[in-house]
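Right, one structure below, let's go through it.
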Amino acid sequence: MDISVGIFLLVASFIGSFIQRVCGFGFGIFIMTILPHLLTTLQEATALSGFLSLIQSSVVLAFTYKHLNIKNLIGIFVVFCITSFFAIKLIETTDTDNLKIILGCVLIILAVYFLLFSNKINVKPTIKWQFPLGSLSGFMGGLFGMHGPAAVIYFLSSEKTKESYLAVAQAYFVATNIYMSAIRAGNGFVTSEVGIGLLWALPGIFVGITIGKKVFNKINSSILKKIIYFYMILAGIILIV
C-alpha cells in the first residue's frame, strides 16, 4: 500500500471517528465514501470498514457500558443477522447501483419523517419497530457497510437519554460488526491489503474519539437529535449519488 493511500486512510479514520463519537454513528457512512477508491475491491472496502468500525465502537462502549439497556438491543440484532447474511451473499453477484439509490431514498424519507415528527412518535422496543428498521440496517450493512442509520433511528427514539442512546448504539455496532466481519472473512474478503489499511487507520480512530467526546459532552439531547437526522439525510444523498 502506497504511503499516500495510508495517509488518506489515517485522515479519513480520524474524521469518521469524530463523527461517530459525536453522533453515535456515521463512521461507516463517511469511510465508505473513500475506501472503495483506495482499495482494490468493494469487498475489501467493506471488510476494512467493518473492522475499523468494530474497533471504534468497542473503545467507546468500554467507557459507556454502564448506560447500556441490553433489552433494547437483542430483537433488532436478531433481525439484522438474518437480513445482513443474505445481503453479504448478494454483494458477490448483484449490481448494487440501483439498490443503493432505493435505499438512499428510503433513508432520506425516514430521516425527514423523524426530524419533523419525532416528538409525536412513540417508538418502543417491540418487533413493530425492530423488524423494519433491523431489516433495513441489515441490507445496508451487508451491501454497503452502512448499517448505522436505520438502527440509530430506532435507538435514538426509544432511549430516554443521550448517554443510553450512545451506549446501546455502540453495543449494536460491536455485535453487528463482529458478525459481519466473520462472514466476510469466511467469504475471502479479508486480505493483506485490509490488514495494512487497518494499521494505518488506527491512530486516526483514537484521536477522533478523544476530540469527539469533548463535543458530545457539550451538546444537549434535542440538538443532538437534529444533527443526527440531518446527517442521515446527507447519508441518503451519498448513497444516491
Side-chain angles (χ1 to χ4, degrees), residues 13-14 16-32 35 45-85 87-88 125 130 133-156 158-159 161-186 189-190 194-195 197-199 201-210 212-213 216 228 231 235:
S13 296
F14 161 72
S17 293
F18 174 81
I19 292 171
Q20 178 138 338
R21 186 59 182 86
V22 174
C23 297
F25 83 111
F27 182 88
I29 295 170
F30 178 80
I31 205 74
M32 281 302 291
L35 290 185
T46 56
L48 179 55
S49 173
F51 281 126
L52 295 176
S53 182
L54 172 59
I55 293 170
Q56 199 276 346
S57 297
S58 297
V59 173
V60 177
L61 180 60
F63 292 97
T64 60
Y65 71 92
K66 292 181 180 179
H67 301 282
L68 177 61
N69 177 13
I70 193 69
K71 293 181 180 179
N72 204 8
L73 176 65
I74 297 174
I76 191 171
F77 175 66
V78 172
V79 175
F80 168 89
C81 289
I82 297 170
T83 54
S84 64
F85 175 82
I88 292 173
Q130 292 167 346
L133 294 176
S135 297
L136 182 59
S137 175
F139 277 112
M140 291 183 67
L143 292 172
F144 312 117
M146 301 180 181
H147 60 297
V152 162
I153 287 176
Y154 167 72
F155 293 131
L156 189 64
S158 58
E159 292 294 332
T161 67
K162 69 174 186 178
E163 289 78 15
S164 61
Y165 152 72
L166 182 65
V168 74
Q170 301 318 296
Y172 177 79
F173 294 137
V174 169
T176 52
N177 278 302
I178 289 174
Y179 176 77
M180 287 193 297
S181 294
I183 296 176
R184 288 169 180 146
F189 294 1
V190 181
V194 172
L198 181 64
L199 293 176
L202 282 177
I205 286 178
F206 291 111
V207 176
I209 290 173
T210 302
K213 179 182 178 181
F216 177 84
I228 290 172
Y231 190 70

**OP:** For residues Y231 and F25, establish whether the separation of their ring centroids is below 6.0 Å.
**Re:** yes
[X] versus [Y], closest heavy-atom pair with distance:
X	Y	answer
A171	L68	CB-CD1, 3.7 Å
Y179	C81	OH-O, 2.8 Å
T210	F206	OG1-O, 2.9 Å
V190	A47	CG2-CB, 4.4 Å
G138	T83	CA-OG1, 3.2 Å

**OP:** Walk me through it: do Y172 and F80 pass the test ring pair (Phe, Tyr, Trp, His ring centres under 6.0 Å)?
**Re:** CA-CA 10 Å; Y172 177 79; F80 168 89; 5.8 Å; yes
Is the shortest side-chain heavy-atom distance between [X] and [Y] below 4.5 Å?
X	Y	value
V174	S57	yes
R184	T46	yes
R21	L166	yes
F173	Q170	yes

Please confirm whether the backbone N or O of [Y] pairs with a side-chain atom of [X], one donor and one acceptor, at under 3.5 Å?
X	Y	value
S17	F14	no
K162	F216	yes
E159	Y165	no

Subject >> Full working for side chain to side chain contact (heavy atoms under 4.5 Å, CB included) between I209 and Q56 >> reply: CA-CA 8 Å; I209 290 173; Q56 199 276 346; 3.6 Å; yes
[X] [atom1] to [Y] [atom2] distance, which is reported to the nearest 0.5 Å:
X	Y	atom1	atom2	value
Q130	S135	CD	OG	11.0 Å
K71	N69	NZ	CG	7.5 Å
L156	I228	CG	CD1	4.5 Å
I31	I205	CD1	CD1	8.0 Å
Y154	L73	OH	CG	8.5 Å

Original post:
Got a sec, which residues hit side chain to side chain donor-acceptor pair (under 3.5 Å) with S49, two or more places apart in sequence or on another chain?
Top reply: none
Mind listing the side-chain donor-acceptor pairs of residues 139-147 below 3.5 Å, one per line with the distance, residues two or more places apart or on another chain?
| unit_1 | atom_1 | unit_2 | atom_2 | d |
| --- | --- | --- | --- | --- |
| H147 | NE2 | T176 | OG1 | 2.8 |

**OP:** Evaluate the side chain to side chain contact (heavy atoms under 4.5 Å, CB included) criterion for residues F51 and V194: first the C-alpha distance (whole Å), next the side-chain angles of each, then the deciding distance (0.1 Å), finally the verdict.
**Re:** CA-CA 9 Å; F51 281 126; V194 172; 4.0 Å; yes
Original post:
Which of these, I55, V207, L52, sits in a side chain to side chain contact (heavy atoms under 4.5 Å, CB included) with S13?
Top reply: L52
Original post:
Is a side-chain donor-acceptor pair under 3.5 Å present for N177 with S53?
Top reply: yes
Original post:
Stepwise, does the side chain to side chain contact (heavy atoms under 4.5 Å, CB included) test hold for S137 with I76?
Top reply: CA-CA 9 Å; S137 175; I76 191 171; 5.7 Å; no
Original post:
Does K213 make a cation-pi contact with F18 (under 6.0 Å, within 45 degrees of the axis)?
Top reply: no
